[in-house]
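Below: one structure, written as structure tokens.
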There are 2 protein chains.
Amino acid sequence: MPGKAKAPTGAKARSGNGLSALSGDELGSAAQRDRRRRIIDATLTLASKGGYDAVQMRAVAEKADVALGTLYRYFPSKIHLLVSGLAREFERAQEKLERATIPGDTPSERLMFVLGRNTRLMQRDPHLTEAMVRAFMFADTTAAAEVEQVGRLMENMFAKAMGIEDPTEADRDIFHVVADVWMANLVAWVTRRASAADVANRLELSVHLLLDKSV
Amino acid sequence: MPGKAKAPTGAKARSGNGLSALSGDELGSAAQRDRRRRIIDATLTLASKGGYDAVQMRAVAEKADVALGTLYRYFPSKIHLLVSGLAREFERAQEKLERATIPGDTPSERLMFVLGRNTRLMQRDPHLTEAMVRAFMFADTTAAAEVEQVGRLMENMFAKAMGIEDPTEADRDIFHVVADVWMANLVAWVTRRASAADVANRLELSVHLLLDKSV
DNA sequence: CGCGAGTGTAGAACGTGTTACAGTTTCTTG
DNA sequence: CAAGAAACTGTAACACGTTCTACACTCGCG
């Protein structure tokens, strides 16, 4: 496993917005942010069309209108690329959620609502989901940071859904389990080992058991 | 995604052992069974030494002393190969378990024992675990059968651990969730996003919540 | 015994992720 | 604005999974 490839570090200190590194987005010049956006756009477009295999680095570079070497400077591997794409999708989904009120009488009902909604959203674009979810699961240590970012996004999403301000360690542990179950079910769905109904049932069961203990 | 590659179908009707296709093992002549064994041995040896990346098809073929084409006739892809390797490891672990009495006063305690034991077992060979677990998660539809076989092995293991003769649908659903959580935690451990202690804690928590409901 | 189908072998060839590099453009800084 | 650094570009090269081809071996059966 050879070489490196750092993210562009052109501008030293940007006109500081206080936020540290929310998603690796607010780094670099406008042109760089735009390149990054184009790259992820191209990635998601290709993924949506043909799944994991269709996301070919040369194709991404061409569609994003950057050189192959530049692509690798921004994203050191195909995995980084796709996991970052997943992160962006989750960010967007989260933004949408912020603007809506989540129905449900209990926290677990609201969590189920959010899970169901996002699951259906992803199932509407099977190829894209296949590409992102498989990359997420296949990620190696070099992409651990990106994977963890996605993990945090899921945590936040769950916390918001359940109306929890700042989760305790115990809360986070449960979120973690829910996230694991969710992702595992998406993997099973993506590989056609589970139907959409299976996924819904298993999520329902898991959330119920994990949150509505003494029933 | 081109070509095929069927498993060898040399001998027409084997001297029938009633069992249908327990693990794809009892097919073919003695020489063929031996080739298959050698191939998986080579795979696990290489995986143990250098993980997923070290399992290179040419290397496997050479170490197993078969031609590359033959390797592909037996296992149509690297993923099939590694997932089959995982299946064999689980079969062996299961056999060992059969011969020991599982300690624990409650079903959930016994399940935890089995989970913990196997987790530690796998953690003793990080490279091997990395190779098998990542392949398992990355598997595409073409390897769904192999993945499901591993799923069944886990189900059986859990059922045996808990002393359940033939699991109900509800039992299986729970096993499925436990398996998902287990694998997800192994993935996290393999990519160094979770420590061994993290894994143990999360398994404990999950099993507790999933099985010891009204506490 | 000799044929034919199925299996195995060796090795070339191809595709795609990744790296390397030489030259050009763009930024930063004094 | 000039010099140097950093970022980009285009392109070749390399590695490894996978496929293909041509030939050899084996074994059951007529």
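Letters A, B, ... mirror the listed sequences (proteins, then strands); counts begin at 1.
- Taking CG from A:Leu153 and CZ from A:Arg92, the interatomic distance works out to 13.0 Å, rounded to the nearest 0.5 Å.
- Going from atom CG of B:Asp34 over to atom P of C:dG8 covers 12 Å, rounded to whole Å.
- A straight line from CG of A:Leu71 to P of D:dG10 spans 13 Å, rounded to a whole angstrom.
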With the criterion being N/O to N/O and under 3.5 Å, what pairs connect the protein with nucleotides 15-17 of chain C, and how long is each?
from, atom 1, to, atom 2, distance (Å)
C:dT16, OP1, A:Gln56, NE2, 2.9
C:dG17, OP1, A:Val55, O, 3.4
C:dG17, OP1, A:Lys78, NZ, 3.1
C:dG17, OP2, A:Met57, N, 2.9
C:dG17, N7, A:Arg58, NH1, 2.9
C:dG17, O6, A:Arg58, NH2, 2.9

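- Whole-Å rounding puts the A:Arg35 CZ to C:dT25 P distance at 14 Å.
- Evaluation of the side-chain hydrogen bond (donor to acceptor under 3.5 Å, both in side chains) rule for B:Glu169 yields no partner, not counting sequence neighbours.
- Here C:dT19 presents its C1' atom at 19 Å from CZ of A:Phe75, a figure rounded to the nearest Å.
- The separation between A:Ile79 atom CD1 and C:dT18 atom C1' is 13 Å, rounded to whole Å.
- For C:dT9, one of the phosphate oxygens OP1 or OP2 lies less than 4.0 angstrom from a side-chain nitrogen or oxygen of B:Thr70.
- For residues 36-55 of chain A, the set of pairs meeting the ring-ring contact (aromatic ring centres under 6.0 Å, His included) definition, not counting sequence neighbours, comprises A:Tyr52-B:Phe138.
- Considering only side-chain N and O atoms, A:Tyr74 lies nowhere under 4.0 angstrom from the phosphate OP1 or OP2 of D:dA7.
- Tested against B:Met162, the residues B:Leu211, B:Val114, B:Ile174, B:Ile102 include a single side chain to side chain contact (heavy atoms under 4.5 Å, CB included) partner, B:Leu211.
- Remark: P of D:dG17 and CG of B:Leu82 are 10 Å apart, rounded to the nearest angstrom.
- Applying the side chain to side chain contact (heavy atoms under 4.5 Å, CB included) criterion to A:Val60, with sequence neighbours excluded, gives A:Ile39, A:Ala42, A:Thr43, A:Leu46, A:Val55, A:Leu71, A:Leu81.
- DNA chain D is contacted by both B:Gly69 and A:Leu68; A:Leu68 maps to the nucleotide lying nearer its 5′ end (nearest heavy atom per residue).
- An OP1 or OP2 oxygen of D:dC8 is reached within less than 4.0 angstrom by a side-chain nitrogen or oxygen of A:Gln32.
- Within the structure, the side-chain hydrogen bond (donor to acceptor under 3.5 Å, both in side chains) test picks out the following pairs touching residues 125-137 of chain B (sequence neighbours left out): B:Ser48-B:Asp125, B:Glu130-B:Arg134.
- The side-chain hydrogen bond (donor to acceptor under 3.5 Å, both in side chains) test applied to B:Arg35 returns no partner, not counting sequence neighbours.
- Atom C1' of nucleotide C:dA10 and atom CZ of B:Arg73 are separated by 15 Å, given to the nearest angstrom.
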